[in-house]
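This chain uses plain numbering: 1 for the first residue, then up along the sequence. Nothing here was measured: the structure is a model prediction, and the numbers come from that model.
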Amino acid sequence: DKLLSLIPEIGQDKYFGLYLWQLIGLLAIIFVGLILHKVFTFAIEIGLFKILAKYGYTDVGRKYLLPVAKPFSYFLIIAFALVFVRILQLPFESGRFIIRTLTILQPLAATVVFYKLVDVFGSYMKIMALKTESTLDDQLVPLLQKTLKFFVIIIGGLIILREGLNVDIWPILTGLSIGGLAVALAAQDTLKNFFGSIMIFIDKPFQIGHWITSGDIDGTVEEVGFRSTRIRTFRNSLMYVPNAKLADSVVDNHGLRVYRRFFTTITVTYDTPPALLELFVEGLRSIVEKHPDTRKDTFHVYFNDLGAHSLNIMFYIFFNVPDWGQELRARHEVLIEIMKL
């Protein structure tokens, strides 16, 4: 009222159903809002980018923080407009329309902000996942990112319905809970697979690239999803295994082996003299000790059995190699040395 008493008489003229001072006030709010948006965006680009560039995170700022800064700036502008538009004392219908529109846009802008923040959080989690040895983390991050975005959209939609449209959301939540129960009963297998995937991500019985065996399942893990795990068999076919089955069964993870065992029996004829047999066994042990990829602290090479037609020597060693191809190479080299001996 004090503000109205200070306005000159010219401000009382009406245009488009509004007083001149009200029109000027609307234009001032829009102008100040645009100025605040530019100032805030400029501060983010200059100030925050310099800080991020100092620590080597320029790409993160450009890809993720700037898209967050813009909707957050809109959120602040809407909050500013909601405060000052009431001072204009607009006519009931037009004032209610503007305030209702701003009330809807405010949680919408907040939803966009949190939706973009999920990408920032996801990029941070990806960096953390790369620092771990587990490859399951790399699969978990995009799945977690999609799940968080889904919840942000649902919660944002409910807030818009309640705050902006004055819709009572409790019946909606009740319906969702009842519907969720019905869906849960109808999709028990899907839920089993979902919780099975959670157990796989928590226990980490295998990683991407590991060779696993479980019942009739035998192959290399390629991808772990929320419902199934994709395994590439040695026939080069692709097997989709429900996670509930993997979570409830015994999994033999060959990929976690530190050493790869090689066990065979070397036979010689019965007319071999004992002294020569002893020298041969010593030679076999020397081959194991000299090979660069064999385990030196644990191996067993002994003449240990009298067979029906031969004298049997147990050759029990371990290779310290990362994969099957390297194991085959090391085994080939050891067998060649045995043949030479």
(request) With R295 as the cation and Y259 as the aromatic partner, state whether NZ or CZ is under 6.0 Å from the six-membered ring centre and within 45° of the axis. (result)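 The answer is yes, since R295 meets both limits relative to Y259.
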(message) Does the structure place the NZ or CZ of R261 under 6.0 Å from the centre of the six-membered ring of F299, at an angle of no more than 45° from the ring's axis?
(response)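 Not satisfied by the 6.0 Å and 45° rule.
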Looking at every non-hydrogen atom in both residues, tell me the closest pair between [X] and [Y] and how far apart they are.
| X | Y | result |
| --- | --- | --- |
| L341 | L284 | CD2-N, 3.6 Å |
| D216 | M239 | O-CE, 4.4 Å |
| L102 | A81 | CD1-CB, 3.9 Å |
| T294 | H291 | OG1-O, 3.1 Å |
| A79 | Q106 | CB-NE2, 3.6 Å |
| K149 | V118 | CG-CG1, 3.7 Å |

(request) Measure the acute angle between the ring planes of F262 and F319, then classify it against the limits of 30° and 60° as parallel, tilted or perpendicular. (result)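 Rings of F262 and F319: parallel, under 30°.
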To the nearest 0.5 Å, how far apart are [atom1] in [X] and [atom2] in [Y]?
| X | Y | atom1 | atom2 | value |
| --- | --- | --- | --- | --- |
| I266 | L311 | CD1 | CG | 13.0 Å |
| F151 | F114 | CZ | CZ | 15.5 Å |
| I29 | L34 | CD1 | CG | 12.0 Å |
| I338 | T264 | CD1 | OG1 | 8.0 Å |
| L108 | T103 | CG | OG1 | 12.5 Å |
| I154 | F150 | CD1 | CZ | 4.0 Å |

Near [X] [atom1], under 6.0 Å, is it more than 12 heavy atoms from other residues, nucleotides or ligands?
| X | atom1 | answer |
| --- | --- | --- |
| F280 | CZ | yes |
| F31 | CZ | no |
| K296 | NZ | yes |

Do the side chains of [Y] and [X] get nearer than 4.5 Å, heavy atoms only?
| X | Y | value |
| --- | --- | --- |
| R329 | D293 | yes |
| E223 | R232 | no |
| V321 | R260 | yes |
| I155 | T111 | no |
| N312 | F303 | no |
| V258 | F318 | no |
| L335 | R331 | yes |
| V281 | Y302 | no |

(request) Say whether, by atom type as modelled, one donor and one acceptor occur between the side chain of D305 and the main chain of G307 under 3.5 angstrom. (result)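 Not confirmed, D305 side chain does not pair with G307 backbone.
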(message) Given 3.5 Å as the limit, does a donor-acceptor pair link the side chain of S249 with the main chain of K245, or not?
(response)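 Yes, because the side chain of S249 sits within donor-acceptor range (under 3.5 Å) of the backbone of K245.
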(request) Decide yes or no on side-chain contact (heavy atoms from CB on, under 4.5 Å) for V224 and F206, but give the supporting numbers first. (result) CA-CA 10 Å; V224 180; F206 48 78; 3.9 Å; yes
(message) Quick test of your reading of the model: are R285 and E289 salt-bridged, counting only N-O distances below 4.0 Å?
(response)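 Between E289 and R285 there is no salt bridge, as every charged N stays at least 4.0 Å from the carboxylate O atoms.
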Please determine, by modelled atom types, if [X] and [Y] share a side-chain donor-acceptor pair under 3.5 angstrom.
| X | Y | result |
| --- | --- | --- |
| N243 | T229 | yes |
| T220 | H210 | no |
| N253 | W211 | no |
| D218 | T213 | yes |

(request) Could you please spell out the steps behind the side-chain contact (heavy atoms from CB on, under 4.5 Å) verdict for I217 and I231? (result) CA-CA 8 Å; I217 302 167; I231 297 175; 3.5 Å; yes
(request) Check step by step if side-chain contact (heavy atoms from CB on, under 4.5 Å) holds for I313 and L277. (result) CA-CA 9 Å; I313 301 172; L277 184 61; 3.7 Å; yes
[X] and [Y]: same hydrophobic cluster, using ILVMFWY side-chain contacts below 4.5 Å?
| X | Y | result |
| --- | --- | --- |
| V32 | L82 | yes |
| V112 | I78 | no |
| I287 | I317 | yes |

(message) For a side-chain contact (heavy atoms from CB on, under 4.5 Å) check, start with the C-alpha distance between S214 and V251, then their side-chain angles and the critical distance, and finish with the verdict.
(response) CA-CA 5 Å; S214 179; V251 177; 4.2 Å; yes
